[in-house]
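Just so you know, these numbers come straight off a predicted model, no measurement behind them.
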Amino acid sequence: MMNKFDDKYIAMAQIWAGNSYCRRRQVGALIVKDKMIISDGYNGTPSGFENICEDENGITKPYVLHAEANAITKVAKSGNSSEGATLYVTAAPCIECSKLIIQAGIKRVVYKDEYRLTDGVDLLRKAGITVEKVD
């Protein structure tokens with residue numbers, strides 16, 4: 001069930017996506033628990049790598065991390081727990097990120113844009129996670 005903060009958190013995730021240096025698509029994510037942002041992320045290369053997401057042919061490099069993966073690994077490093085949290089993300093999660101979301105104990109995912117594949121969202125629903133799309 002949507003709440004009054006969903007639009008605001010999605011808007012914040014959209015702003016956060018602007019930190020991404022990826023040219024093909026910029027994605028932002030926030031993890032919220034008890035009305036507190038406990039983590040954030042955007043798509044990009046791992047720490048210590050050059051800030052270039054695409055190769056010379058415009059293809060995304062295989063080691064680029066998605067926004068959700070960055071937010072989940074950041075919360076793990078922080079000592080916080082994402083158990084029972086909500087993930088706000090500007091694009092529907094892929095299958096790989098959906099596996100991480102399930103394992104991180106996130107119970108709700110709110111996203112803005114569709115992803116070209118629906119297998120990630122399908123997996124989340126199969127795992128009993130609430131998935132909602134905002135306009």
Side-chain angles (χ1 to χ4, degrees):
M1 196 178 96
M2 301 297 278
N3 69 51
K4 65 179 180 175
F5 296 107
D6 288 343
D7 290 336
K8 304 272 190 280
Y9 285 130
I10 278 289
M12 290 168 76
Q14 195 82 51
I15 291 166
W16 206 242
N19 289 321
S20 172
Y21 29 82
C22 295
R23 289 193 304 263
R24 284 185 65 211
R25 186 175 208 180
Q26 294 181 317
V27 180
L30 296 177
I31 299 176
V32 177
K33 186 174 176 179
D34 302 323
K35 294 182 184 151
M36 229 172 30
I37 297 168
I38 60 167
S39 192
D40 53 57
Y42 51 86
N43 56 328
T45 56
S47 302
F49 282 72
E50 76 293 337
N51 291 341
I52 302 166
C53 296
E54 295 86 8
D55 64 18
E56 57 281 347
N57 299 316
I59 306 294
T60 301
K61 293 175 181 175
Y63 54 84
V64 166
L65 286 154
H66 288 185
E68 306 93 314
N70 265 327
I72 290 167
T73 53
K74 193 171 175 181
V75 80
K77 249 180 164 175
S78 76
N80 255 323
S81 169
S82 52
E83 188 70 45
T86 297
L87 173 78
Y88 293 90
V89 62
T90 57
C94 71
I95 188 92
E96 293 302 319
C97 287
S98 292
K99 291 189 270 185
L100 295 175
I101 291 163
I102 293 164
Q103 291 302 94
I106 292 167
K107 293 296 173 220
R108 184 169 174 255
V109 174
V110 178
Y111 72 93
K112 188 174 186 296
D113 300 326
E114 295 294 348
Y115 185 62
R116 57 189 168 82
L117 303 170
T118 63
D119 53 356
V121 168
D122 296 342
L123 182 67
L124 292 173
R125 289 197 170 114
K126 189 175 179 181
I129 293 171
T130 304
V131 182
E132 297 174 73
K133 183 183 187 303
V134 295
D135 292 324

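- Side chain of K33 to main chain of S81: a donor-acceptor pair is present (N/O by atom type, distance under 3.5 Å, no hydrogens or angles).
- At least one side-chain heavy atom of V109 sits under 4.5 Å from a side-chain heavy atom of I129.
- Side-chain contact check for L117 versus C94: every heavy-atom pair is 4.5 Å or farther apart.
- Judged purely by atom type and a 3.5 angstrom limit, N57 has no side-chain atom pairing as donor or acceptor with the backbone of I59.
- Considering every non-hydrogen atom in both S20 and C22, the closest pair reads OG-N, 3.1 Å.
- Both V32 and F5 are members of a single hydrophobic cluster when ILVMFWY side chains are connected at heavy-atom separations under 4.5 Å.
- In this structure, OG1 in T118 is found 9.0 Å from CD1 in I95, a value given to the nearest 0.5 Å.
- Checked options L87, V27, V131, V134; the residue passing with Y111 is V131 (criterion: side chain to side chain contact (heavy atoms under 4.5 Å, CB included)).
- In this structure, a donor-acceptor pair under 3.5 Å is present between the side chains of Y88 and D6.
- Here the CD-CG distance, from Q14 to D7, works out to 12.0 Å after rounding to the nearest 0.5 Å.
- Of the inter-residue distances, the one linking K99 atom NZ with E68 atom CD reads 13.5 Å to the nearest 0.5 angstrom.
- Following chains of ILVMFWY side-chain contacts shorter than 4.5 Å, one can reach M36 starting from I31, so the two form part of one hydrophobic cluster.
- No side-chain heavy atom of S39 sits under 4.5 Å from any side-chain heavy atom of N80.
- Linking ILVMFWY side-chain heavy atoms closer than 4.5 Å, directly or via other members, places M12 and Y42 in two distinct hydrophobic clusters.
- One N or O on the side chain of S98 and one on the backbone of G120 form a donor-acceptor pair closer than 3.5 Å.
- Note on I37: it does not cluster hydrophobically with I106, by side-chain heavy-atom contacts below 4.5 Å among ILVMFWY residues.
- Here OG1 of T130 is found 9.5 Å from NZ of K107. Values are rounded to the nearest 0.5 Å.
- Taking 4.5 Å as the limit, some side-chain heavy atom of K61 sits within range of a side-chain heavy atom of I52.
- Rounded to the nearest 0.5 angstrom, K74 NZ and I38 CD1 are separated by 11.5 Å.
- Between the NZ atom in K8 and the CG atom in L30 there is a gap of 14.0 Å [rounded to 0.5 Å].
- A donor-acceptor distance shorter than 3.5 angstrom exists from the side chain of T90 to the backbone of G28, with no hydrogens or angles considered.
- Side-chain polar atoms of Y21 and N51 form a donor-acceptor pair below 3.5 angstrom.
- Counting heavy atoms of neighbouring residues, nucleotides and ligands inside a 6.0 Å radius, atom CG of D135 does not exceed 12 of them.
- The side chain to side chain donor-acceptor pair (under 3.5 Å) test with T60 is passed by exactly one of R24, R23, R25, E54: R24.
- More than 12 non-hydrogen atoms from other residues, nucleotides or ligands lie less than 6.0 angstrom from CD of E132.
- A continuous path of hydrophobic side-chain contacts links L100 to V89 [ILVMFWY only; heavy atoms under 4.5 Å].
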Go through C53 and N43 one step at a time and tell me if the side-chain contact (heavy atoms from CB on, under 4.5 Å) criterion holds.
CA-CA 9 Å; C53 296; N43 56 328; 5.7 Å; no
